[in-house]
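Before any comments, here is the structure.
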Amino acid sequence: MNKYFDQPIVILGGFLIDGSAYKEMTEYIKSRIKNKVVIVPVNKIEWLSTNWSFGWKNILDKVEKIVTELSKESSTNKVTLIGHSSGGMILRLYLSDLLFSRKIYNGKDYANCLITLGSPNQAKRATYLRNFVSSKLPGSFYSADVSYISVAGELDLNGPIATKTSLKLSKSSYRALNGNGDVIGDGLVPRDSALLIGSKQVVMKETAHGKAFGKDWYGSKNKVEEWLNKSLI
């Protein structure tokens, strides 16, 4: 087993997605490792508050508490972070030694691997806080201390896996993030936006952003197995 999976794992989900959506992901990873796998609990009200700095801080504080506790139990004194969608952006900030909302998290002292799943890592148009991460911590900023792995999905919008939601939202979402609606993506985030510059990049065919966008998504057992195995190479 790759060293990054021989230690506890912390999962931070995406915007407005209930933690139960990651049950299949968690159970599969647990079947492959001997360490704890913990989902950061974030409710919908807390996600809605991430339009402001205090909302990010609230989630960062939760991540910090869980990571600090698990790192004490870890044989490596480190943990592996997995962030889906917006969760990946927040975890990139957690790693940093920047002052944010009057606090420095410096998560790179406790986590040595970050995997982002369909995260809008690069965007031509982004919210203020996402832009803060992209501008202050571009690419794989702490690659000397942290192994970055970014996973992107490619979804055929006219194929059998795509849902009406992906057909309805993909073009406008791609355009907002990439400046062009006619690009390849997972139904919400363009492939090139999800592939973090300087990271190990994993591209998966017929993979949707979430359950609402397609039958097979980053959290489906077969897809977790795929990106997990490719991350171990």
Side-chain angles (χ1 to χ4, degrees), residues 9-23 25-26 37-70 79-108 110-111 114-138 141-142 150-151 165-166 168-170 172-177 186-190 193-194 196 208-213 217-219:
I9 292 177
V10 176
I11 299 172
L12 178 59
F15 185 70
L16 293 180
I17 300 178
D18 187 81
S20 62
Y22 302 95
K23 182 179 179 181
M25 178 191 296
T26 302
V37 182
V38 179
I39 300 171
V40 180
V42 185
N43 62 43
K44 290 186 177 181
I45 293 176
E46 290 171 324
W47 272 120
L48 288 171
S49 72
T50 57
N51 288 315
W52 300 274
S53 296
F54 74 84
W56 277 54
K57 183 181 184 301
N58 176 54
I59 294 176
L60 287 165
D61 287 344
K62 289 188 174 195
V63 171
E64 179 185 50
K65 185 176 186 296
I66 292 171
V67 169
T68 301
E69 291 175 353
L70 290 179
V79 307
T80 292
L81 302 173
I82 298 174
H84 174 226
S85 196
S86 293
M89 298 297 292
I90 293 175
L91 291 177
R92 285 173 61 190
L93 180 56
Y94 167 70
L95 294 172
S96 83
D97 50 14
L98 295 177
L99 182 67
F100 177 78
S101 198
R102 295 183 291 182
K103 187 170 182 177
I104 296 175
Y105 291 92
N106 208 27
K108 59 185 172 59
Y110 303 93
L114 169 61
I115 301 173
T116 63
L117 307 172
S119 297
N121 286 309
Q122 288 96 210
K124 292 185 177 179
R125 289 172 55 191
T127 63
Y128 169 77
L129 290 166
R130 287 180 183 174
N131 187 60
F132 176 83
V133 174
S134 296
S135 60
K136 299 293 185 180
L137 305 164
F141 196 76
Y142 294 106
S150 58
V151 182
T165 299
S166 59
K168 181 180 180 180
L169 298 179
S170 58
S172 59
S173 180
Y174 293 169
R175 190 178 302 110
L177 291 168
D186 60 15
L188 187 69
V189 176
S193 179
L196 181 64
H209 188 78
K211 284 183 178 180
F213 297 88
W217 69 290
Y218 302 108

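Because only heavy atoms are used, hydrogens play no part in the values below, and waters and symmetry mates are left out as well, while side chains stay in.
- Contact of the Leu117 side chain with the Trp217 side chain is not registered, since no non-hydrogen atoms from C-beta on lie closer than 4.5 Å.
- Under the 4.0 Å criterion applied to side-chain N and carboxylate O atoms, Asp61 and Lys65 are not assigned as salt-bridge partners.
- Looking at Ile82 and Ile9, their side chains come closer than 4.5 Å, going by heavy atoms from C-beta outward.
- Inspection of the Ser150 and Asn121 side chains reveals no N or O donor paired with an N or O acceptor under 3.5 Å.
- Taking the side chain as every heavy atom from C-beta outward, Phe15 and Met89 never approach each other to under 4.5 Å.
- At distances below 3.5 Å, at least one donor-acceptor pair connects side-chain atoms of Thr50 with backbone N or O atoms of Trp47.
- Within the 4.5 Å cutoff, the side chain of Ile17 has heavy atoms near those of the Tyr22 side chain.
- Using a 4.5 Å heavy-atom threshold, the side chains of Ser101 and Phe54 count as separate.
- Around atom OH of Tyr128, no more than 12 heavy atoms belonging to other residues, nucleotides or ligands sit under 6.0 Å away.
- In this structure, Val10 and Val40 have side chains that are in contact, with non-hydrogen atoms separated by less than 4.5 Å.
- Side-chain N or O atoms of Ser119 include none that pairs as donor or acceptor with a backbone N or O of Ser86 at under 3.5 Å.
- Between Leu12 and Tyr94 the shortest side-chain heavy-atom distance does not fall below 4.5 Å.
- Contact check for Leu60 versus Lys103: no side-chain heavy atoms found under the 4.5 Å cut-off.
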